[in-house]
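Heads up: the structure comes next, in structure tokens.
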Amino acid sequence: MNIEQILADKTKEALNALYNGEVATISFEKTNPLFIGDFTLVVFNFLKLSKKKPEETANDLGNYLKTNVAEIVDFNVVKGFLNLVVSDSYWLTYLKSIQNKPFISSELPADAPVVMVEYSSPNTNKPLHLGHVRNNLLGYSVAEILKAAGNKVVKTNIVNDRGIHICKSMLAWQKWGNGETPESSGMKGDHLVGKYYVSFDKNYKSQISDCKLKGMSDEDAEKNAPLMLEIKEMLLKWEQGDSDVRALWKMMNDWVYKGFEVSYKMMGVDFDKTYYESNTYLLGKNIIDDGLASGVLKRREDNSVYIDLTADGLDEKTLLRSDGTSLYMTQDLGTARQRYEENKFEILIFTVGNEQDYHFKVLILILNKLGYDWAKGLHHLSYGMVELPDGKMKSREGTVVDADDLMEEMIKTAAATTKELGKVEHLSVEEAEKLYKTIGMGALKYFILKVDPKKKMLFNPAESIDFNGNTAPFIMFNYVRVRAMLRKATDAGVYDEKNLISEDITILPKEKELIIKLYSFNSTLKEAANGFSPALIANYVYDLAKEFSQYYHDTPVLKEENKAIMNFRLHFSKTIGDAINSSMKLLGIEVPERM
RNA sequence: GAUCCCAUAGCUCAGCUGGAUAGAGCAACGGUUUUCUAAACCGUAGGCCUUUGGUUCGAAUCCAAAUGGGAUCACCA
């Protein structure tokens with residue numbers, strides 16, 4: 001049983017014994033560093049029971065806990081705050097109990113709930129950009145966190161591989177591509193396709209202005225520009241299964257997938273199941289039938305189907321066109337049900353940007369209204385846009401930060417910095433390349449994940465991502481210090497791996513602080529899992545690394561003359577290193593052994 | 001017009017379910033290396049937590065309104 005639980009139980013007991021009263025839940029907080037103690041109990045809530053002043057109440061409880069809880073060696077009272085001091089031996093025993101045990105259990109309980117995390121969901125008409133990077137990193141990290149918290153996680157990706165936007169790239173390539181391929185051009189497939197998407201848009205825009213010069217309204221110009229008419233025809237042919245159009249579609253999508261594969265690999269993300277919208281876009285009509293039968297959905301005179309959400313403060317939402325064809329919402333209803341039927345998930349998380357908050361609110365509400373029990377487990381993991389200093393990214397205007405470019409840039413910067421610091425002398429070329437990638441990608445991932453997902457974030461490409469301060473390289477650096485010490489100690493034969501910690505060690509204040517930090521790993525993981533928030537893990541691991549850095553600076557380890565103390569500090573440092581490594585893994589960040 | 005999200009140091013961000021004197025990093029200024037990796041450590045300076053009301057023993061945190069910023073509100077995806 002952990003110390004907080006013991007304290008909570010004993011406090012309840014105390015309230016009963018002293019004041020004959022009861023309180024439902026009692027929670028302790030970490031003592032503010034300005035005061036002496038490890039845990040603090042705020043007693044204001046108990047004054048009604050004690051009918052005494054805050055100080056007296058705190059003293060009563062403090063005395064009770066000190067005499068009745070072996071782990072409590074001292075306490076002090078400041079106003080209504082009872083600060084409790086936990087014995088060093090408790091913390092030592094705790095540290096011993098986690099020695100050489102993984103922070104994250106690799107085994108799942110047999111009855112682990114299934115959680116699906118859907119993320120990435122790219123379009124196949126253009127390459128990935130910075131917004132997708134945030135999406136991928138978030139989704140992957142949340143999946144890792146949920147897995148570590150004891151869930152059976154299924155990572156899924158739904159590829160938006162059909163529709164009018166894909167036809168744009170296809171038509172442009174057909175018209176102006178001269179048979180260009182990734183091989184002939186040397187371009188990555190997704191970039192090549194994206195190039196034609198941009199050129200379509202450029203030509204389309206100039207046609208619109210031509211039409212407007214001829215006196216058309218904005219709306220008519222957009223609808224009647226020759227390219228738009230051709231696109232519509234192409235989409236129709238695609239839907240009818242025209243073999244030429246389908247062949248072109250397949251060829252170009254395959255180029256894109258090959259490109260995405262490279263980007264995903266570089267990002268270090270992967271998927272257990274990939275769905276394609278071309279296979280699922282017709283789903284959902286059976287749900288409509290059920291909904292009509294139960295009266296939740298209604299049919300208009302023109303035969304279109306809708307749901308009235310005005311009572312919930314939302315609008316009327318159309319779910320089926322008057323011609324009977326389905327809409328974005330229709331297919332999302334269908335795919336959600338398909339997911340449930342295939343996976344029987346407890347929770348399904350959609351990692352999608354906050355511009356779709358409304359869509360997901362409606363989607364989840366409709367499924368609940370339709371009476372699906374599993375709809376309670378749906379959750380939209382919404383994240384803010386990544387903004388550039390001069391406004392938001394627009395792919396059509398070319399003001400995007402391309403994901404591949406960004407990653408390459410990060411790795412280059414990592415290489416330059418590493419060389420500048422003279423850290424590559426003992427590394428082979430392959431090792432050095434690997435290190436640059438680890439550092440560069442780690443810095444990028446940490447930079448993005450440390451920000452609360454729901455907030456929009458600013459990315460300034462001119463100021464490349466920092467490597468000092470609250471960054472992944474700083475955290476890695478502290479891990480590397482631990483590993484270097486352990487290597488040296490092992491080589492010198494002074495590291496006793498079996499005899500962990502002897503009892504008579506006096507722990508330093510900083511050591512105690514760090515042990516308490518290690519102790520909070522599990523509660524942090526739980527919070528991160530409940531809140532789907534990698535940022536909590538990022539903050540945790542930074543605090544841990546920062547405190548360790550201070551400790552490392554002030555406290556000799558290998559230079560310590562007392563062998564027992566040296567061995568303790570080695571084990572202690574190793575455990576910190578393990579915690580750093582595990583935390584970083586939850587963020588999808590690898591740590592190097594040297595840097 | 002309606003709905004949703006955001007507002008904390010010059011800049012980028014923490015601050016969990018309300019708790020004691022609001023924290024980091026960057027930038028600025030000063031210091032630390034014969035000592036386990038200085039991508040480090042220490043110090044100085046920098047705040048009406050957007051504003052106004054309310055709830056409370058206690059509010060950056062909860063509620064309401066205002067202001068500013070962003071997003072969304074198609075028989076598009």
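In the text below, chain A, chain B and the rest are named by the order of the sequence lines, each starting its count at 1. Atoms considered below: every heavy atom in the structure, side chains included; atoms not considered: hydrogens, waters and symmetry mates.
Taking only side-chain nitrogens and oxygens, K450(A) never comes nearer than 4.0 Å to OP1 or OP2 of A24(B). OP1 or OP2 of C41(B) lies within a sub-4.0 Å distance of a side-chain N or O belonging to S549(A). Residue Q550(A) places none of its side-chain N or O atoms closer than 4.0 Å to OP1 or OP2 of A40(B). Taking side-chain N and O atoms only, K454(A) has a distance below 4.0 Å to OP1 or OP2 of C6(B). Distances shown here put a side-chain N or O of K455(A) below 4.0 Å from the OP1 or OP2 atom of A14(B). Between N354(A) and U72(B), a side-chain N or O to OP1/OP2 separation shorter than 4.0 Å is absent.
Taking the six-membered ring where tryptophan is involved, the planes of F521(A) and Y540(A) are perpendicular, since the angle between them exceeds 60° and thus also 30°. Ring geometry for F360(A) versus F350(A): interplanar angle of 30 to 60°, hence tilted.
Contact check on R569(A) versus E511(A) returns a salt bridge, with a Lys/Arg side-chain nitrogen under 4.0 Å from an Asp/Glu carboxylate oxygen. For the pair K419(A) and E425(A), the salt-bridge criterion is not met [side-chain N within less than 4.0 Å of a carboxylate O]. With respect to the salt-bridge test (charged N to carboxylate O, under 4.0 angstrom), the residues D578(A) and K574(A) qualify.
Counting only heavy atoms from C-beta on, D315(A) has its side chain closest to C73(B) among C73(B), C76(B), C26(B). In this structure, the nucleotide among A77(B), C13(B), A20(B) sitting nearest to the side chain of L458(A) is C13(B). Checking U35(B), A77(B), A39(B) against every side-chain atom of N160(A), the shortest atom distance belongs to A77(B). Of all nucleotides listed (U72(B), C6(B), G25(B)), U72(B) comes nearest to the side chain of Y358(A). Closest to the K546(A) side chain, of the nucleotides C6(B), A71(B), A24(B), is A24(B). If you check A14(B), A39(B), G19(B) against the side chain of N539(A), the one that comes closest is A14(B). Here the side chain of L327(A) is nearest to one of A39(B), A77(B), C36(B), namely A77(B).
Among the atoms of the strands shown, base atoms are found under 4.0 Å from some heavy atom of T418(A). Counting non-hydrogen atoms under 4.0 angstrom, F44(A) reaches a base of the nucleic acid. Backbone-only engagement by V451(A) is indicated by non-hydrogen atom pairs under 4.0 Å involving sugar-phosphate atoms exclusively. Across all strands shown, K423(A) has heavy atoms under 4.0 Å from base atoms, whether or not it also approaches the sugar-phosphate. N83(A) comes within 4.0 angstrom of a base, heavy atoms only. Here S322(A) lies in heavy-atom contact (under 4.0 Å) with a base. Within 4.0 Å (heavy atoms only), S573(A) reaches no atom of the nucleic acid at all. When heavy atoms are screened at a 4.0 angstrom cut-off, D323(A) is found touching no nucleic acid atom at all. Residue contacts shown for L314(A) are absent, as no nucleic acid heavy atom lies under 4.0 Å away. When heavy atoms are screened at a 4.0 angstrom cut-off, E277(A) is found touching the sugar-phosphate backbone but no base atom. Residue contacts shown for M457(A) are limited to sugar-phosphate atoms, with no base heavy atom under 4.0 Å away. At a threshold of 4.0 angstrom between heavy atoms, the contacts of Y306(A) with the nucleic acid are absent. When heavy atoms are screened at a 4.0 angstrom cut-off, N123(A) is found touching no nucleic acid atom at all.
The distance between atom CZ of R300(A) and atom C1' of A74(B), rounded to the nearest whole Å, is 11 Å. I465(A) places its CD1 atom 14 Å from the C1' atom of C13(B), with the value rounded to the nearest Å. C41(B) atom P lies 12 Å from atom CZ of F548(A), rounded to whole Å. Look at CG on N468(A): it is 16 Å from C1' on C42(B), rounded to the nearest Å. Distance, L444(A) CG to U12(B) C1': 16 Å, rounded to whole Å.
Side chains of N160(A) and N123(A): a donor-acceptor N/O pair is present below 3.5 angstrom, by distance only. A side-chain donor from one of T57(A) and S50(A) sits under 3.5 Å from a side-chain acceptor of the other. In this model, a donor atom of one side chain and an acceptor atom of the other lie less than 3.5 Å apart for Y328(A) and Q356(A). At a cut-off of 3.5 Å, with distance as the only test, no side-chain donor of S169(A) or N125(A) sits close to an acceptor on the other residue. In the model, N478(A) has no side-chain atom that pairs as donor or acceptor with a side-chain atom of Y551(A) under 3.5 Å.
For the pair R321(A) and F28(A), nearest-nucleotide mapping onto RNA chain B gives the more 5' position to F28(A). The nearest heavy atom of RNA chain B to V557(A) and to K79(A) marks one nucleotide each, and the one closer to the 5' end goes with K79(A).
Rounded to whole Å, the C1' atom of C63(B) lies 27 Å from the corresponding atom of U21(B). Going from the P atom of U32(B) to that of G70(B) covers 48 Å, rounded to whole Å. Rounded to the nearest Å, the gap between the P atom of U8(B) and that of G1(B) is 25 Å. Across the C1' atoms, A77(B) and A39(B) are found 45 Å apart, a figure rounded to whole Å. Rounded to a whole angstrom, the distance from the C1' atom of A9(B) to that of G23(B) is 10 Å. Comparing A22(B) with U61(B), their P atoms sit 14 Å apart, to the nearest whole Å. Comparing the C1' positions of G43(B) and A24(B) gives an interatomic distance of 16 Å, to the nearest angstrom. To the nearest whole angstrom, the two P atoms, one in C26(B) and one in U72(B), are 36 Å apart.
Residues I537(A) and L525(A) come closest through the heavy atom pair CD1-CA, 4.1 Å.
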- Task: Any chance you could encode RNA chain B as dot-bracket? Rule is Watson-Crick or G-U wobble with both distances under 3.5 Å; [ ] for pairs crossing earlier ones, | for another strand.
- Result: (((((((..((((.....[...)))).(((((.......))))).....(((((..]....))))))))))))....
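The ring of F35(A) lies on top of the base of A20(B), close enough and flat enough: under 5.5 Å between centres, under 30° between planes. Residue ring and nucleobase are stacked for F81(A) and A20(B), with a centre distance beneath 5.5 angstrom and an angle between planes beneath 30°.
Here the side chains of V256(A) and M252(A) are not in contact, with every heavy-atom distance at 4.5 Å or above. Put simply, the side chain of L406(A) does not reach to within 4.5 Å of the side chain of H129(A), judged on heavy atoms.
Remark: the K361(A) side chain and the U3(B) base include no donor-acceptor N/O pair separated by less than 3.5 Å. A donor-acceptor contact under 3.5 Å is not formed by the side chain of D332(A) with the base of A77(B). At a cut-off of 3.5 angstrom, the base of A20(B) holds at least one donor-acceptor pair with the side chain of T40(A).
Residues from residues 477-494 of chain A with heavy atoms under 4.0 angstrom of RNA chain B, sorted by number: F477(A), V480(A), R481(A), A484(A), M485(A), K488(A).
Taking the ring centre of Y383(A) as origin, the terminal cationic atom of R134(A) falls outside the region bounded by 6.0 Å and 45° from the ring axis.
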